[in-house]
2 protein chains.
Amino acid sequence: MRVTIKDIARAAGVSHTTVSRALRDSEEIRPETRARIRAIAEALGYRPNPVARALQGRRTQTLGVVVTRLSDPFHTEVVQGIEMVAQARGYGVLLSLSHEDPEKERSIVELLAAKQVDGIIVAASRLGSRYLPMLEALQIPIVLINSHQTGPYVYSVATDNVHGGYLATRYLIGLGHRAIAYIGSRRGGRSNQDRYRGYRQALREAGLPLRPEWVVKGDGRVEGGEAAMRRLLETDPRPTAVFCYNDLTAIGALKAALRAGLRVPPDLSIIGFDGLEEGTYVTPMLTTVAQPRRQLGRLAAEMLLEILEGRPSPKHILLQGTLIERESCGPPG
Amino acid sequence: MRVTIKDIARAAGVSHTTVSRALRDSEEIRPETRARIRAIAEALGYRPNPVARALQGRRTQTLGVVVTRLSDPFHTEVVQGIEMVAQARGYGVLLSLSHEDPEKERSIVELLAAKQVDGIIVAASRLGSRYLPMLEALQIPIVLINSHQTGPYVYSVATDNVHGGYLATRYLIGLGHRAIAYIGSRRGGRSNQDRYRGYRQALREAGLPLRPEWVVKGDGRVEGGEAAMRRLLETDPRPTAVFCYNDLTAIGALKAALRAGLRVPPDLSIIGFDGLEEGTYVTPMLTTVAQPRRQLGRLAAEMLLEILEGRPSPKHILLQGTLIERESCGPPG
DNA sequence: TTGTATGCGTTATCAA
DNA sequence: TTGATAACGCATACAA
């Protein structure tokens, strides 16, 4: 049987109340009894029961984390960042996958709330503004990663997609490209729009035309990138550089280009977005705009913990991506 | 305030006991009252409090999951498989990362036990036989993925590494190779030994010599594979094919081979292990022995749930890998 | 078929 | 400084 404070109380000849106090470093207790009780607790191998504690105190020391799926290496790092912070601060991480299904996301968040998690972090939410009323009812703070909402219980940490798209496109322009395509993502939602906006902004500033046939869509995965690139290869004239919604798309684009016999570069330059490890697996290694993924997770977790523990915290944080020059870009040749 | 069974009881004019029964489909209750109470519960938006339920019933409906790190795509799929089963059966997943640190793994398992998880799944444990006494004390069933132990509370699901190594090597032999190298992993532990054993067995059967200079070690990651391949390229004669401990190693090996100007194939054939999605990102796409990763997670979760819910279950399951022919292997040329 | 009383392990309140 | 007692929300012997 498990050792409880009552067992300790019996062994020490005191009340369980005293034990509870001694164990929690209450001030209103004599140092000697405190020490004595602690020694007994130690000897008996006492472990507090978090469930009972939660029932009493309304705190489970657990964070709910919702991501679409783990097979996406982007989320993986985010979750890792969250877990590291949580573990260091004594919190558990209750992980759930939504599989990009808004309805499922909703029910998961409600389930997590029912499970009494202290707070929730959602990466790449598909629920948008539908959170607000729900959270109002749930009364649980939520931190959104890479999606933005404003409301009483809603916080967010995100990377600046407009800036990132701008950065990528500027880089290509700086290399001398004037024919730059964009492979977006059907499923990218707001982040896709924003990266596209950064792309257009850079083109505009450089006085380059926006050619509709050079703007195509993938699905955020390798296959989608491949298919999109094949369409791009049929345009005439062909772009000399491509900015891709994310690294997986870029990897697909690269595959299609290599298959078509192009040299990358100089025949074509490809830049991705995310900064995935996977980008170094391919030849040439992928140049990309890196999101601070782990940082994103870390900050979200820290933010949530600050809120939970009643410390001041910003409500929204916007991070900047950084360019990682590898091998897939060069001057047009 | 949150709605409890007492609130419902008050509204329905019955005792909270009756409510409790009505909500749990107890047989000893009149259908009408049952329906009436359920309606009221619904109307009030009642959600049972799992914490209270856990305190009472000693079940948290939560599974503890321990993996070394999520940045390894192998674990990612395993966790995904676990989560899917758990979610479908109404269980939560409490995820913790051990970062390959045995001491941390140990403390995490103890922490999870303290948190009252109903059972634990550990992927790629580093703790070995040190589990046994711990579990004896904790009294919690544990399912080990890809590591094997025997003991009262210990179960396991694993892939047959000897068979997998044999399969890969046989395949190369079948292609006509007689000079086959192995790039292992310093950190692969038992699984590395087993795959190596399968490799030797296939060589022996085919009457091929085991050349020590063709057996080198990576670290299970891309960089290690690259470095190992560079060493292999200096041997004379050079192998015409390489079996790699895992896909990341193989990707590294491929990179090094391509850098050295080799054509893969015919100059060199490379086969990996795991069946990662990442193997399709590279050109040529990686031929590999696939582990049923998601299946591994799924089975582990199902096994654990069977045990928890008192149904019969095998204690140990061994799965066979399957060959996926892609593009990185061909006859020696 | 329903209700009363009690317990799960902890913390909080109030007395002593 | 300590202890008795009552919650927290639910489940369950036992009684009615």
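Sequence lines set the chain letters: A, B, ... in the order given, protein chains first and strands last, and positions in each chain run from 1.
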Query - Euclidean distance, atom CG of residue Asn49(B) to atom C1' of dC8(C) [Å, nearest integer] - result: 13 Å
Requested in this report: Using distance alone, with no hydrogens and no angle criterion, decide if Ser96(A) and Gln87(B) have a side-chain donor and acceptor under 3.5 Å apart.
Outcome: no
Query raised in the report: With a 3.5 Å cut-off and just heavy-atom distances, do the side chain of Thr33(A) and the base of dT2(D) make a donor-acceptor pair?
Result: no
Query raised in the report: What nucleic acid atoms does Lys6(B) come within less than 4.0 Å of, heavy atoms only: base, sugar-phosphate, or nothing?
Result: nothing
Report task. Give the nucleotide from the list dC10(D), dT10(C), dT12(D) with an atom nearest to the side chain of Ile5(B). Result -> dC10(D)
Query - Arg34(A) to Ala22(A) - nearest heavy-atom pair and separation - result: CG-O, 3.7 Å
Query raised in the report: Does the side chain of Thr18(B) pick up a donor-acceptor pair with the side chain of Ser15(B) at under 3.5 Å?
Result: yes
Query raised in the report: Which whole-number value in Å describes the distance from Arg10(A) CZ to dA4(D) P?
Result: 14 Å
**Report entry** Base dG3(C) to side chain Arg21(B), donor-acceptor N/O within 3.5 Å cut-off
**Finding:** yes
Report task. Round to a whole Å and report the spacing from CZ of Arg59(A) to C1' of dA12(C). Result -> 17 Å
Requested in this report: Verify the contact: side-chain N or O of Arg53(A) to OP1 or OP2 of dT11(C), cut-off strictly under 4.0 Å; return yes or no.
Outcome: yes
Query raised in the report: Side-chain donor or acceptor of His16(B) under 3.5 Å from a matching atom on the base of dA11(D)?
Result: yes
Query raised in the report: Touch check for Ser20(B), heavy atoms < 4.0 angstrom, all strands: base, sugar-phosphate only, or nothing?
Result: base
Query raised in the report: So, do Leu127(B) and Met134(B) sit near enough that their side-chain heavy atoms are less than 4.5 Å apart?
Result: yes
Report summary line: The nucleotide from dT11(C), dT2(D), dT4(C) with an atom nearest the side chain of Ile29(A) is dT2(D)
Query raised in the report: Could you state the CG-P distance from Leu55(B) to dT10(C), rounded to the nearest angstrom?
Result: 9 Å
Query raised in the report: Which part of the nucleic acid does Val14(A) contact within heavy-atom distance under 4.0 Å: base, sugar-phosphate only, or nothing?
Result: sugar-phosphate
Query raised in the report: Can a donor-acceptor pair under 3.5 Å be found between the side-chain atoms of Gln56(B) and the base atoms of dG7(C)?
Result: yes
Report summary line: To the nearest angstrom, the NZ-P distance between Lys115(A) and dC10(D) comes to 15 Å
Query raised in the report: For Arg24(B) and dA11(D), is the shortest distance between a side-chain N/O and OP1 or OP2 below 4.0 Å?
Result: yes
Requested in this report: Can you tell me the distance, in whole Å, between the CD1 atom of Ile37(A) and the P atom of dT10(C)?
Outcome: 14 Å
Query raised in the report: Can a donor-acceptor pair under 3.5 Å be found between the side-chain atoms of Ser15(A) and the base atoms of dA4(D)?
Result: no
Query raised in the report: Does Arg59(A) use its side chain to pair, donor to acceptor, with the backbone of Leu308(A) at less than 3.5 Å?
Result: yes
Query raised in the report: Can you check the Arg36(A) CZ to dT2(D) C1' distance for me, whole Å?
Result: 12 Å
